[in-house]
Amino acid sequence: MRRTTAVASTAVTNLTGNGRTTDVMWDKYSLVIKGQRVFIHSGEFHTFRLPVPGLWLDILQKIKAAGFNAISVYTHMALINPSPEVIDFNDYRALEPLYEAAKQTGIWIVLRPGPYINAETTAGGISHWITSQVAGELRTNATDWKAAWQVYIRGIITETLPYQISQGGPVIDNEYSQSPITHAEYFAELEAVYHDSGIVVPLTANDPGEGENWINGTGAVDVYGLDSYPQGFDCSNPRVWRPVVTNYYSYHEGVDPSEPWYFPEFQGGSFDAWGPTAPGYDQCRTLTGPDFENVFYLNLWASNAKLINYYMLYGGTSWGGLPFPGVYTSYDYGSAIAENRELTVKYPELKREGLFLRSSPEFYKTDHIGNSTGGAVAVTNSSAFVTLLTNPDTSTSFYIARQNDSTSMVITNFKLNVTTSAGSFPIPRVASAITLSGRQSKVIVTGYSFGSSKVIYSTAQVLYAGQIGERDVLFLYGDSSQEHEVALSLTGTPRLQAQSVSISSTSIDGVTTITFLAGIHGLVTVWDSSEQLILYSDTATAGTFWSPEISSSQLGDFANYWQIGTNTSILVGGPYLVRNATISGSTLALRGDLNESVRLIVIAPETVKAITWNGMSISADVAAAATVTLQGGFSAQISPPTWASGISAPPLTGWKYADSLPEIQADFLDADWTIANHTTTNIPFKPYYGDGRVLYGCDYEYCENIVLWRGHFNATEDVKSVNLSINGGEAFAATVWVNNVFLNTSYGNSTNNRNILEETDDKFYFPPGSLLYNQDNVITILQASITDEEKSPRGVRGFMLDTGDFGEWKVQGKLGGYTNYPDKVRGVLNEGGLYGERVGWHLPGYDTSSWVSRDLSEGLPNAAAGVGFFVSTFDLKISEELDVLMSFVFDQSSQPYRAQLYVNGWMMGKRVANLGPQYKFPVQPGILNYDGANTVAVALWAMEPIIVSPTLQLVVDGVYEGGVGSVGVNNPGWSTEGRG
């Protein structure tokens with residue numbers, strides 16, 4: 001049964017907990033953290049997809065700047081626990097730098113260690129050694145599976161214990177990804193390990209389909225959560241929507257009404273599939289764009305959800321062998337923060353929503369009163385659907401409106417009956433209507449607080465509400481094509497008051513009704529007195545404003561956490577990004593990013609007399625500031641340095657070339673290769689045909705990337721062909737030679753997740769003269785395994801000569817397998833079994849001076865099918881004052897080649913030119929050395945004996961003054977150690 005304990009009294013009463021800590025409690029409304037009722041507003045971020053710890057702060061600052069207070073983080077067992085009894089929390093696998101960055105930023109962490117995480121990653125994150133060495137069914141109570149995950153989970157516990165909230169850290173939750181209900185005892189075993197340790201924070205799980213799993217009974221968790229991806233994962237028709245889910249609230253009330261409503265995963269984008277018709281992430285960003293965020297996220301609010309995590313907020317890169325077979329290298333996900341870390345068109349809407357939530361503590365505790373269909377809310381147009389949530393303590397109400405047909409693109413006008421402190425009446429009272437322009441949702445507030453002031457009602461949207469210095473500040477916004485209205489009590493003597501034909505006001509009995517007509521663009525000061533500041537702008541302008549928090553200097557570990565360490569914030573308009581703000585004496589120090597000249601507008605406490613931007617003093621434009629406010633206002637024109645516009649990428653020239661497939665040559669010796677002689681396997685999918693030997697790569701420690709097989713046989717004149725069944729996952733390929741003669745290539749397939757072909761069964765005919773009769777002959781198979789799916793039979797599932805038998809089979813994958821691989825920094829998934837990889841040609845510092853000069857665009861010599869390594873070097877000299885986003889871009893043509901892209905030793909991309917769609921590969925600073933030499937290597941696999949002519953260039957995607965400063969580089973170079 002669920003482990004819950006009633007607690008008598010804290011700052012918020014009648015709370016429930018797990019009996020292990022009072023720092024994280026809950027009731028039916030929300031979590032209560034250290035006595036404060038908190039709306040968990042979270043985004044998913046996987047540090048292993050950004051393998052540069054120095055950039056994690058960048059992502060966290062961008063998340064915090066959008067008004068979020070939490071992140072959800074998967075950890076990757078296969079990277080952390082690469083082989084039995086080995087735990088590695090070094091480099092990008094570390095948790096400590098993430099926890100420290102979260103404390104610095106003021107971000108809570110929901111930690112999701114799995115072991116199975118899905119996440120479109122190889123084996124769902126389960127260590128590859130487990131997929132072959134564990135006989136029992138994974139993710140069950142099988143004893144060998146239980147023994148296998150113990151070291152990893154205990155390692156996670158050790159790393160996390162000092163950073164739980166009870167120890168002054170950011171971790172408030174742990175989640176285990178969903179597995180079938182029949183495996184409940186496995187969940188119970190996982191929970192027992194945590195409960196037997198010092199982990200005290202609540203445990204959660206995510207139910208992917210309203211299955212009522214893990215609420216009660218064996219394996220039940222502390223807080224139940226639901227996953228939902230209402231648009232699915234095909235972005236081919238990004239303007240075609242599925243409607244909102246309408247039963248979220250009723251489902252929660254039916255299955256778990258005593259706990260807060262939690263969405264551990266709600267759609268923040270979509271993964272994209274292989275194939276020439278795959279739509280690409282730009283279309284995913286359209287499908288789940290600002291209108292989707294507005295309608296579908298507010299629909300979650302309307303269901304009374306108070307813990308929400310958007311998957312993904314930053315997707316990153318599935319470099320090396322990270323991706324599962326259904327996706328390619330990029331894990332951009334169509335997220336609000338792009339793979340190259342750039343803020344996208346989705347970001348401003350998230351920020352508008354996030355700042356509203358941060359400004360609205362009365363929204364953290366609401367009762368679901370009903371909706372306009374059920375009669376609880378009265379509207380004048382049935383095309384509008386409105387849900388009413390009310391705070392039971394303050395009577396503040398939130399009317400969340402959308403189209404009744406959430407997919408509709410028509411304009412809907414309506415009035416809404418509300419009950420306020422000034423009486424009951426339809427609103428708006430002066431403006432013509434509340435307008436929904438197609439796919440749009442709004443929050444209409446009544447009895448809403450900003451500082452010590454109250455809004456009677458507002459059909460305009462709230463961006464910011466609170467106190468800045470000694471004044472109550474309210475920032476409203478609305479579409480410039482619509483009319484909007486607010487009623488409130490204005491106090492103090494105005495120094496500035498809106499003077500515009502587009503803004504009118506009437507005052508009756510101390511209540512002023514202000515109407516905003518269509519056509520307003522930019523920022524307008526509605527009321528500026530010593531007691532109140534009321535601002536209004538169009539929606540786009542609101543999206544250019546930021547509200548950095550001013551951290552407390554008094555509360556140690558939690559100084560940067562909103563509600564716990566500080567309730568102080570300011571408003572800043574104009575810059576591309578405002579990362580943080582501090583006040584020392586009378587000086588406000590702003591840090592952020594610029595990509596163009598902008599008008600800086602600041603609303604700060606009146607005690608601020610000077611402002612710096614990234615450490616540089618700014619000259620105030622007093623006259624411009626006076627048009628916004630006469631108290632605490634500041635304005636200036638700020639620009640990035642002129643020299644930043646001259647940043648460009650160097651050309652990739654001087655390529656050196658060497659053949660990387662000596663395995664097909666007559667003099668190649670495979671004596672040091674692994675003998676493939678197993679006759680049993682723990683993988684449940686058995687060979688189709690052969691002689692009883694099992695040729696599955698992972699059974700020999702070669703689980704991912706490229707694996708080579710060599711099958712020896714004595715040929716007679718009767719031998720004409722060989723049958724091979726090869727399993728490699730979606731989009732795999734395998735090229736086959738006999739001796740040094742190309743036979744053919746078997747192709748896997750995926751065309752936007754259709755026409756999927758994960759294994760092939762082909763007959764390869766031996767051309768005349770290709771065999772050595774009565775001598776040793778060798779079949780060489782060069783196989784690209786598109787990673788592993790738990791226990792998949794990656795390798796050769798069938799081998800048979802039409803006459804005669806095979807002798808010895810040998811196999812070679814990455815050097816050392818998963819036990820003795822030499823590159824402990826980049827880790828177990830970075831390399832494959834190509835000859836060039838095994839000897840380290842992809843690493844910085846390998847001496848290529850004896851190689852021939854050959855441009856990458858020339859392809860392989862003699863139009864041969866095979867593999868060649870191309871290596872080039874270049875220097876970068878980029879100032880630490882800049883954040884420069886860069887990508888490597890291949891040609892977009894369809895050709896029968898595959899290319900593995902290595903940047904300073906890291907496999908940062910797999911270009912599959914016969915399938916696509918990816919041809920552009922962002923690479924981050926820290927992988928790229930921005931202050932010195934860089935090595936780029938391309939392993940080019942020509943899959944047919946024709947000319948292939950790839951091109952590759954380095955491009956600059958964006959230049960921003962700012963960033964997080966110096967980013968550490970950890971790119972170990974070539975050495976003979978471990979590579980012979």
Among Arg93, Arg826, Lys824, which residue meets the salt bridge (Lys or Arg N to Asp or Glu O under 4.0 Å) test with Asp88? Arg93

What pairs of residues pass the disulfide (SG to SG under 2.5 Å) test when at least one of them lies in residues 719-750, not counting sequence neighbours? none

Run the salt-bridge test on [X] and [Y] with the 4.0 Å N-O cut-off and return the result as yes or no.
X: Arg838; Y: Glu663; answer: yes
X: Arg139; Y: Glu790; answer: yes
X: Arg710; Y: Asp670; answer: yes
X: Lys814; Y: Glu837; answer: no

With distance as the sole criterion, is a donor-acceptor pair present between the side chains of [X] and [Y] under 3.5 Å?
X: Asn904; Y: Asn934; result: yes
X: Gln783; Y: Tyr702; result: no
X: Glu704; Y: Ser785; result: no
X: Asn739; Y: Asn777; result: yes
X: Asn970; Y: Asp91; result: yes
X: Arg49; Y: Ser318; result: yes
X: Thr819; Y: Glu701; result: yes

Atom CD of Gln775 with >12 non-hydrogen neighbours under 6.0 angstrom: yes

Can you establish whether the number of heavy atoms outside Asn862 located under 6.0 Å from its atom CG is more than 12? no

Which atom pairs, donor and acceptor, lie under 3.5 Å between side-chain atoms of residues 839-851 and protein residues at least two apart or in another chain?
from: Trp841; atom 1: NE1; to: Tyr846; atom 2: OH; distance (Å): 3.1
from: His842; atom 1: NE2; to: Glu831; atom 2: OE2; distance (Å): 3.0
from: Asp847; atom 1: OD1; to: Ser849; atom 2: N; distance (Å): 2.9
from: Asp847; atom 1: OD1; to: Ser849; atom 2: OG; distance (Å): 2.7
from: Asp847; atom 1: OD2; to: Ser849; atom 2: OG; distance (Å): 3.4

Contact between Val193 and Trp149 at the side-chain level, heavy atoms closer than 4.5 Å - yes or no? yes

Taking the six-membered ring of Tyr688 as reference, does the cationic atom of Lys686 (NZ for Lys, CZ for Arg) lie under 6.0 Å from its centre and within 45° of its axis? no

Could you give me the CA-CA distance, side-chain angles and deciding distance for Ile781 and Trp809, then say whether side-chain contact (heavy atoms from CB on, under 4.5 Å) is met? CA-CA 11 Å; Ile781 305 170; Trp809 276 94; 4.1 Å; yes

Residues forming a side chain to side chain contact (heavy atoms under 4.5 Å, CB included) with Asn677, sequence neighbours excluded: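 With neighbours one apart ignored, the set is Ile675.
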
Begin from the C-alpha positions of Phe48 and Thr75 and carry the test side-chain contact (heavy atoms from CB on, under 4.5 Å) through to its verdict. CA-CA 8 Å; Phe48 58 84; Thr75 58; over 6 Å; no

